[in-house]
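Here the structure is laid out as C-alpha coordinates; the discussion comes afterwards.
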Amino acid sequence: KCHEVKEYVTSWQQSPHNNLNCLECHQPRGEVGKFHAKARGLNYVFQHYSGNFTVPTRADVSDLNCLTCHLGDSESYPDTIRLKNTAKVNHYETIKKSQSCLECHRDTAHALDI
(Lines give C-alpha, C1' and ligand atoms only; values in the text may rest on other atoms or scores of the structure.)
Protein backbone atom coordinates (compact mmCIF):
# COMPACT_ATOMS: atom_id res chain seq x y z
CA LYS A 1 0.00 0.00 0.00
CA CYS A 2 2.57 2.43 -1.25
CA HIS A 3 2.17 6.14 -0.59
CA GLU A 4 2.72 7.00 -4.24
CA VAL A 5 -0.18 4.84 -5.44
CA LYS A 6 -2.75 5.59 -2.75
CA GLU A 7 -5.49 6.36 -5.30
CA TYR A 8 -4.88 3.05 -7.05
CA VAL A 9 -5.06 1.18 -3.76
CA THR A 10 -8.38 2.87 -3.00
CA SER A 11 -9.82 1.95 -6.41
CA TRP A 12 -8.49 -1.64 -6.06
CA GLN A 13 -10.28 -1.96 -2.71
CA GLN A 14 -13.57 -1.34 -4.55
CA SER A 15 -12.80 -3.76 -7.40
CA PRO A 16 -13.71 -7.43 -7.91
CA HIS A 17 -10.00 -8.24 -7.38
CA ASN A 18 -9.81 -6.77 -3.87
CA ASN A 19 -9.19 -10.24 -2.42
CA LEU A 20 -5.82 -10.46 -4.22
CA ASN A 21 -2.60 -8.90 -3.04
CA CYS A 22 -0.68 -6.57 -5.35
CA LEU A 23 1.98 -9.10 -6.30
CA GLU A 24 -0.51 -11.72 -7.46
CA CYS A 25 -1.18 -9.49 -10.45
CA HIS A 26 1.93 -7.34 -10.67
CA GLN A 27 4.73 -9.89 -10.11
CA PRO A 28 5.89 -12.15 -12.92
CA ARG A 29 5.52 -15.87 -12.13
CA GLY A 30 8.32 -18.08 -10.81
CA GLU A 31 11.60 -17.49 -9.05
CA VAL A 32 12.86 -15.01 -11.65
CA GLY A 33 9.60 -13.12 -11.18
CA LYS A 34 10.22 -12.87 -7.45
CA PHE A 35 13.73 -11.53 -8.07
CA HIS A 36 12.36 -9.03 -10.61
CA ALA A 37 9.71 -7.82 -8.15
CA LYS A 38 12.25 -7.42 -5.33
CA ALA A 39 14.56 -5.39 -7.58
CA ARG A 40 11.65 -3.15 -8.66
CA GLY A 41 10.65 -2.79 -5.01
CA LEU A 42 14.13 -1.61 -4.05
CA ASN A 43 13.95 0.95 -6.83
CA TYR A 44 10.60 2.20 -5.51
CA VAL A 45 12.03 2.50 -1.97
CA PHE A 46 14.95 4.51 -3.34
CA GLN A 47 12.58 6.78 -5.28
CA HIS A 48 10.37 7.28 -2.26
CA TYR A 49 13.14 8.27 0.15
CA SER A 50 15.31 10.19 -2.32
CA GLY A 51 12.45 11.99 -4.04
CA ASN A 52 14.21 11.15 -7.31
CA PHE A 53 11.51 9.86 -9.66
CA THR A 54 13.62 9.93 -12.83
CA VAL A 55 12.71 6.32 -13.65
CA PRO A 56 9.00 6.06 -14.44
CA THR A 57 7.10 3.79 -12.09
CA ARG A 58 4.99 1.31 -14.03
CA ALA A 59 2.76 -1.43 -12.85
CA ASP A 60 3.21 -4.39 -15.18
CA VAL A 61 0.57 -7.11 -15.40
CA SER A 62 1.34 -10.33 -17.24
CA ASP A 63 -1.48 -12.11 -19.05
CA LEU A 64 -0.20 -15.30 -17.43
CA ASN A 65 -1.26 -13.89 -14.07
CA CYS A 66 -4.79 -13.31 -15.39
CA LEU A 67 -5.00 -16.68 -17.10
CA THR A 68 -3.71 -18.64 -14.10
CA CYS A 69 -6.88 -17.75 -12.21
CA HIS A 70 -9.39 -17.32 -15.02
CA LEU A 71 -8.56 -20.61 -16.74
CA GLY A 72 -8.96 -22.38 -13.40
CA ASP A 73 -5.30 -23.23 -12.76
CA SER A 74 -5.17 -21.58 -9.34
CA GLU A 75 -6.40 -23.68 -6.45
CA SER A 76 -6.22 -20.60 -4.21
CA TYR A 77 -9.29 -19.03 -5.81
CA PRO A 78 -11.78 -21.80 -6.67
CA ASP A 79 -14.69 -19.36 -7.12
CA THR A 80 -12.97 -17.26 -9.80
CA ILE A 81 -15.09 -16.46 -12.84
CA ARG A 82 -13.81 -18.69 -15.64
CA LEU A 83 -13.21 -17.48 -19.17
CA LYS A 84 -16.11 -18.14 -21.42
CA ASN A 85 -16.98 -17.43 -24.98
CA THR A 86 -19.82 -15.01 -25.58
CA ALA A 87 -21.62 -13.80 -28.67
CA LYS A 88 -19.23 -10.83 -28.74
CA VAL A 89 -15.91 -12.40 -27.68
CA ASN A 90 -14.27 -15.77 -28.15
CA HIS A 91 -11.66 -15.62 -25.38
CA TYR A 92 -9.82 -18.69 -26.61
CA GLU A 93 -9.36 -17.15 -30.06
CA THR A 94 -8.13 -13.98 -28.37
CA ILE A 95 -5.52 -16.03 -26.49
CA LYS A 96 -4.48 -17.84 -29.68
CA LYS A 97 -3.92 -14.46 -31.37
CA SER A 98 -1.69 -13.44 -28.43
CA GLN A 99 -3.88 -10.46 -27.66
CA SER A 100 -3.40 -9.11 -24.17
CA CYS A 101 -6.15 -9.40 -21.59
CA LEU A 102 -5.51 -5.72 -20.91
CA GLU A 103 -6.69 -4.72 -24.38
CA CYS A 104 -10.26 -5.13 -23.13
CA HIS A 105 -9.91 -5.41 -19.36
CA ARG A 106 -7.37 -2.67 -18.60
CA ASP A 107 -9.36 -1.04 -15.80
CA THR A 108 -10.64 -4.25 -14.18
CA ALA A 109 -8.77 -3.89 -10.90
CA HIS A 110 -8.09 -0.15 -10.87
CA ALA A 111 -9.75 3.02 -12.04
CA LEU A 112 -7.40 4.50 -14.63
CA ASP A 113 -8.51 8.12 -14.63
CA ILE A 114 -7.04 8.95 -11.25
Side-chain angles (χ1 to χ4, degrees):
K1 298 186 179 176
C2 304
H3 300 281
E4 286 79 13
V5 294
K6 183 177 179 182
E7 294 86 1
Y8 290 100
V9 172
T10 301
S11 68
W12 159 79
Q13 289 170 332
Q14 299 167 5
S15 82
H17 290 90
N18 65 5
N19 60 326
L20 303 176
N21 72 49
C22 303
L23 294 179
E24 288 179 271
C25 295
H26 294 289
Q27 175 177 298
R29 297 279 177 210
E31 295 304 316
V32 173
K34 288 180 186 177
F35 179 76
H36 180 261
K38 298 294 182 193
R40 282 178 49 208
L42 287 173
N43 182 48
Y44 298 154
V45 169
F46 170 78
Q47 289 177 350
H48 175 78
Y49 286 105
S50 71
N52 182 0
F53 291 92
T54 56
V55 178
T57 301
R58 293 186 27 184
D60 294 327
V61 176
S62 165
D63 288 333
L64 181 59
N65 292 353
C66 303
L67 296 173
T68 296
C69 287
H70 292 286
L71 286 178
D73 295 340
S74 175
E75 296 175 7
S76 300
Y77 301 102
D79 298 328
T80 299
I81 295 173
R82 304 289 186 248
L83 287 180
K84 57 186 171 190
N85 296 322
T86 66
K88 292 182 181 180
V89 178
N90 181 327
H91 282 96
Y92 297 105
E93 287 300 317
T94 301
I95 294 167
K96 283 182 192 177
K97 292 177 187 174
S98 297
Q99 288 178 287
S100 173
C101 302
L102 300 178
E103 287 182 37
C104 297
H105 303 282
R106 184 128 184 95
D107 61 350
T108 298
H110 296 287
L112 296 177
D113 295 331
I114 298 175

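Only heavy atoms go into these numbers, but all of them, side chains included; no hydrogens, no water, no symmetry mates. Throughout, numbering of the chain's residues begins at 1 and tracks the sequence.
Of the candidates Glu24, Gln27, Arg29, His70, Asn65 forms a side-chain contact (heavy atoms from CB on, under 4.5 Å) with just one, namely Arg29. The side-chain contact (heavy atoms from CB on, under 4.5 Å) test with Tyr92 singles out one residue from Asn90, Thr94, Val89, and that residue is Asn90.
Atoms CD and OG1, from Glu75 and Thr80 in turn, are 12.0 Å apart once rounded to the nearest 0.5 Å. Taken from SG in Cys104 to NZ in Lys88, the straight-line distance is 11.0 Å, to the nearest 0.5 Å. Separation of atoms OG (Ser15) and CG (Asp107) is listed at 10.5 Å; rounding is to 0.5 Å. Separation of atoms OG (Ser62) and CG (Leu102) is listed at 9.0 Å; rounding is to 0.5 Å. For the atom pair CG (Asn19) and OG (Ser76), the distance works out to 10.5 Å, reported to the nearest 0.5 Å.
Two residues are said to be in side-chain contact when any heavy atoms from C-beta on lie closer than 4.5 Å; Thr68 and Tyr77 fail this criterion. Side chains of Leu71 and Arg82 form no contact here, defined as non-hydrogen atoms less than 4.5 Å apart. Two residues are said to be in side-chain contact when any heavy atoms from C-beta on lie closer than 4.5 Å; Cys25 and Leu20 meet this criterion. A heavy-atom distance below 4.5 Å is not found between the side chains of Asp63 and Ile95.
Ring geometry, His105 versus His91: the interplanar angle falls under 30°, so the pair is classed parallel (tilted spans 30 to 60°).
Nearest heavy atoms, His110 versus Trp12: CE1-CB, 3.4 Å. Closest approach of His26 to Arg40, counting heavy atoms only: O-NH1, 3.3 Å.
Side-chain N or O atoms of Glu103 include one that pairs as donor or acceptor with a backbone N or O of Ser100 at under 3.5 Å.
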